[in-house]
Structure formats: C-alpha cells, structure tokens
Amino acid sequence: MSFTLQSLPIPNWRWIKDLVWRIEHAFERARAAGRAENDTRLRIFVVLAIFSIAFVVLAAGAAKMVIFPDVSRIEAVGREGGLDRADLVDRNGAVLALDLEHYGLYLEPHDIWDVGETRRALLAALPDLQAARLDHALNSKHRSFLVGGLTPTAKAQIHDLGLPGVSFEPEQKRIYPLGSTAAHVIGFTDTGGLGLEGAEAAFNDEIRKTADPRTPFALSVDLRIQAALEDELTKAAQEFHPLGAVGVVTNVKTGEVLGMASWPSFDPNHPGQATDDQKLNRAASAVYEMGSTFKAFTVAIGLDTGVATPDSTFDARVPFHLGYRTIHDYHAAKKILSLVEVFQHSSNIGTARLAEQIGPKRLSQYFIALGLTRPAKIELKESAMPLIPHKWDDDAVASTSFGHGIDVSPLALSRAMGALLNGGTLVPLTIHKLPADAKVAGPRVVSEKTSQQMLQIMRANVTGGSGGKADVPGLSVGGKTGTGEKYIKALGGYSQTQQVSSFAAVFPTDGDAKTDRYFVLILLDEPHGNAATGGFSTGGWVAAPAAGRVIDRISPFLHVQRQANLASLVAQTKPANPGDER
Amino acid sequence: MILFTRRVWGFRLIDVIGVGLLIALILSVYLAKTFAGRERGEIARVEAEIATEHNRVRLLQAEVAHLERPDRIEHLSSTYLGLGPVKTTHEISPEALSSVLSAKPTAVKEGRL
C-alpha cells in the first residue's frame, strides 16, 4: 500500500497521499498517546450514529410512502383512459363532439389454443374485419393490434367468447353525436386525435390543453339556429338543385358565427367515406363572384365619401360605358333613379355611375378596409384567399361595383357586411363563444350615419324592391339580392345560364346603433329555376325566400320580438319587379 | 455508560433496546402497510367504479345528443305531432292581449282565439 502511494507519479496528488496515510495511522498515533480505548469507542459511536440516522430516515420515508401514498401516481394509472380532447359544445352547452372510451383489440398468437376457432369467431363477431389482416395478426410472432374503436358492447360480446390470446386496451375515440349537423363548423380529427378541419383544427391546441369534461370548449354556434339554417338550406338545395349551397348567420356586433352550413354535407364520424366536395366548407374555402350583393358596398362607400345621398339621382335610361365595358341592366328601368331606387332595382348602370364618381382609388381603399381583399379573419384554417383585380382601373371599378371581377368567400362577405350594419366597425369573425358582455373592437370603416342609412336602404329593398320574398311578417328584415354570372374558362366569358345566386339579409333593421342585429346569407351555386319561380334562378327567387324562412325560424332564439302590427303592415307587400333582382 | 455496560439476560442493554426498537419498527411498518394497502385497494375500487360510471354518463350524454338531433326532433314532431315553427299570428305579447280580445270577441266566444 505504502509502495503504491509512494510511487504515485503526479506531485499534485501528494496531499491525498498524506491524508490517507494520516487516517491509516490515526489509531496507532492514538494508542501511542495513551488514548487508544477512548478513540475506538468514539469511532464506533460515530459510525453507529451515522447508520442509525440513515436507517431512521429510510424508515420514515418508507412509512410515509405507505401511509401517505402519492395520489398523483394513482391518478396517473387511472389516466390511461383519460381524455385526449375537450368536449365541444355549442353556445348553450349542447354537446357537439366528445371523446368516448372505446377499446382496441390485440392478439397474442402464443396464447391462442385453437387458431381456426379464434379466426372463425372473430370474423363472425367483426364482420368488417378483413380476413387478410386477421391472418397476418394470427401468424405474427408478437402481440399485435388488430382493430380499434370497439364500443363497450362490442368489446363485451367478444370478451364473452372467452378466446385465449384476445385482449383489449382502452382508447379514446372522437364521437360526433349530431352526425352531419354542423359538420363543417365542428370539423373532424384523425385517428390520432389531431384536428384536421373546422373548429377541431382551428382550436386544436386549446382543445387538447383543456381536455377535461368539466370544462368543455364552447363554440359560438347555436345548435337551434344551425339546425334551422341547415334545414332551410337543404330544402332550397332540393328545390333548385345547385352544385352547392352556403348559409351563414352572424352577430354583426360581436362577429360571432351563430350558424354556418355548407351543402352537401358529410358525417364527421366517417370522414373517409365523404367526398372532397362534401367535405369542402363552401362558406370559408370557396370564393365566388357575388354579384349584386356588392352593390351594398358601393352604395355605402358612395354615402360615406359624400359622393351621394339617398336622394342622389343616376341616369339609368341607356347603357353606360366605363373602361372597356358597356353596362346594361338586367331588366332596364330606363329612367332616372334615386340612389335608393338604384339599390331596389339593383341597377348595374346606376351603381357603375356611382362607382365612377367614387373613383378607383377610394373604391379600392374601402374594399381593402372592409377586408374584401384578404381571407376572412376567422380562426378557421380553411379561410380562402379572395381573387381581386390586379389593377384598380376603370374596368375594375365598373366590374367590382356590382360584384364582378372580384371573388370572395361567403365569410369574407359576411364580415364586410357586418361592418356596414353594426355601426361601422369591422370586427373579426369568430367561431369561439365570447363572454356575454364582450365588446369587440375593430377599425371604423364607415360612419355610424352611413350604417344607419344602409339599414334603411336595405329595409326599403325588402319592402319595395328585389328582396321582397325575404320579408317576414312582424320583423323588420333588410337585404340585398345577388346574382353573379359565373366566368367559364372554356367560353372565355361569363355564362348566361350558370349563376351564383344569393341573398344577404339583416334583421332587425329598426332600432339605434346599439341594437343587436344579425346577418343572414344564403347562397346557391348554379341553382336551377322551376315552375314556381317562373324559370328564374336569381337571388331574389331562389335565395331570398330561404333567407326569410331562416329569419322567421331563428328570431325567437335570438329574442328578436316579432310585432303583430308590423306583420299586418307588410303581409301583402309584393316585390317591385319580380325577377329584377340581379 | 450504563447502556453499554449493563446486561439483561446476558445481552447488553443497548442491544436489547435496539432489537426491541427494530421489532417495533418492523411491526408498525407491517401494520401501516397492511392497513394502507387495504385502504388503497378500496380507493382504487371506488375510483374504478367512478371511472366506469363516468364513462357510462358520457356514453349516455352522447346517446341523448344523438337522439335529440334537431333534424330528428323536427322530423318526429312534424310527422307524428303536426308541430312546426311558431308563426307570428300565433304570437302575442301580454300587453297586446287585451286589445286583441276586445277586437275579436266573437272569435273568442267560438274558441278560435
């Protein structure tokens, strides 16, 4: 030992050598000093004390673990079947989506006694199970997953077969109990619980973070409104056989989407079985040339800039030339029209003349301020980018003033319309429920006076203009029809027969700027007129009636009082010019 | 020290005390663990029951939501009960009730209002 220490080659370790030497010979030194007995006892006592303390600490720790077991460890065990995602509910707490415990079936081939019997029994119990998949699992050398998503009932049936080697593990599966109702708002997830579409994708992180059934994630939609909207939209689609249809209901003050429907729809429980066309959320992901609903913007801009007043007149007697375009009216009034009449008759000529006076610069600035040149501001990831003119010249002014040459999504239109109708501020749309007293801020785009004038003009369009079929007895409904001819690439121009027909409505139009108001949009892509519409497939014939029925049905849910005296006043009102609502 | 020198039944007092403490410690830990294990088993059983009931409740909630689908309720109510959305003519505020009744006394008598 001493040789080893002495032969240490590194001088810096000398102090270690000295220390070890000192400890080794401490007992000898103590004996030499005549205190050997005392020193030994002291050593033993010190060692005993150290071990005693260590054992007491260990014993106390063991006792604590036994008497006060860590609760979190028990919870962690129970969490195996815990939620992956929070429940989704509508604004009133009705369940829209939830995680339910299901079971995955696993096979352990080594434990199977009779492979043939197990194969026959499982194929009989699981008719959808592919035989090749089962054979692969049976011939595997390891325990393997066979099928997931078994309901407790299905699991119990298979369990009762008493098959050795068959086991189950709990797993969570996302369920949409309402089926296709509100499918495009809710969206869906993949099998791993990742949101792919709709609110499931938009709020994926929030839904995962709040995965607790006691704190569901509330969406802004009202299931009653959503159902009424979908029902009327489906009826309109069945009547007019469009390629697709859209319905939107929003609160113009808060921007909350109370209902959003896209037809055709799909069942989010089985998204793999739906076509891309069914899964397409036309309200957010599709863009359309909206046609005359854009006249509401042009008229509002004219009023807000001071270019026009409701009594200003426009010569609609002859076609109007602006840029390379010659603008006609669908059913020419061939007279001088006031601004309100331009709106009521949906005069392209009058609107284009107004737009010319506004000018390209101001018109484009307002369109930008109204959010019409960007995707609709909403949480949905599928919010589509609009198609806008490359250059804001006379041609663009002529086209966009009545909704041609600019393609926007129905949600973008809804948001911009909301700004015209809520007192003049552009608020973001949201599918997340806001607190009852929420005050949503936004940039002012038109004055409060302009907003009030637009409400009156839109009301006049329903009581005496092209939107008469949207009128609802007892309610003050305003609105604007829209019929945008579709651009056909093969033709190199606009089709005379393929149209996007819509109706943009607001109610109630009476009351001051603080009154709660709601916007309703119904849009049909390439509808077909029928005998009941006299062959017309314009917005006033195919979309306005559906919008009126929606408003009639949802007004009680929104606590908008229907007034009997108002009903008697408007009951017999007919549209000014049926069919003249482009 | 007396602890190290005094002997009981031939063993040093310190050894006897140490063995006694050790036995007491083992016994107390055994008892505590036994009782705690029993309690923990009971807690686990109750928690498993709660989890099962919780899953049943959620399953029932899903079934209720499925059965109360608005389109299903509307179809059933219109098909079997002849119900539909309330029309404006069937709606009146309490304040306006008296004026309507005075305007249509005959209808009231005949039970049409």
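Basis for what follows: all heavy atoms, side chains included, without hydrogens, waters or symmetry-related copies. By convention in this document, chain letters (A, B, ...) are assigned in the order of the sequence lines, proteins followed by strands, and residues within each chain are numbered from 1.
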Closest heavy-atom contact between Pro177(A) and Ala62(B)? CB-O, 3.4 Å
In short, Leu178(A) meets Arg69(B) closest at the heavy-atom pair O-CD, 3.4 Å
Hey, could you give me the CG/CZ distance between Leu22(B) and Phe55(A), rounded to the nearest 0.5 Å? 9.0 Å
Non-neighbouring partners of Arg7(B) that pass side chain to side chain donor-acceptor pair (under 3.5 Å), sequence neighbours left out: none
Give the C-alpha distance, both sets of side-chain angles, the deciding distance and a yes or no for salt bridge (Lys or Arg N to Asp or Glu O under 4.0 Å) between Glu74(B) and Arg553(A). CA-CA 12 Å; Glu74(B) 184 175 335; Arg553(A) 290 178 62 171; 2.8 Å; yes
Does any heavy atom of chain A fall under 4.5 Å from the side chain of Glu63(B), the backbone, both, or neither of them? neither
Run the side chain to side chain contact (heavy atoms under 4.5 Å, CB included) check on Asp71(B) and Asp231(A) step by step: do they pass? CA-CA 7 Å; Asp71(B) 56 335; Asp231(A) 185 48; over 6 Å; no
Between Ala51(B) and chain A, which part of the residue has a heavy atom less than 4.5 Å away: side chain, backbone, both or neither? neither
Does some side-chain heavy atom of Leu223(A) sit less than 4.5 Å from a side-chain heavy atom of Pro70(B)? yes
Do Glu101(A) and Arg56(B) meet the salt-bridge criterion of a basic N to acidic O distance under 4.0 Å? no
Taking all non-hydrogen atoms of both residues, which atom of Arg58(B) and which atom of Asp87(A) are closest, and how far apart? NH2-OD1, 2.7 Å
Should Leu100(A) and Leu59(B) count as side-chain neighbours, where that means a heavy-atom distance under 4.5 Å? yes
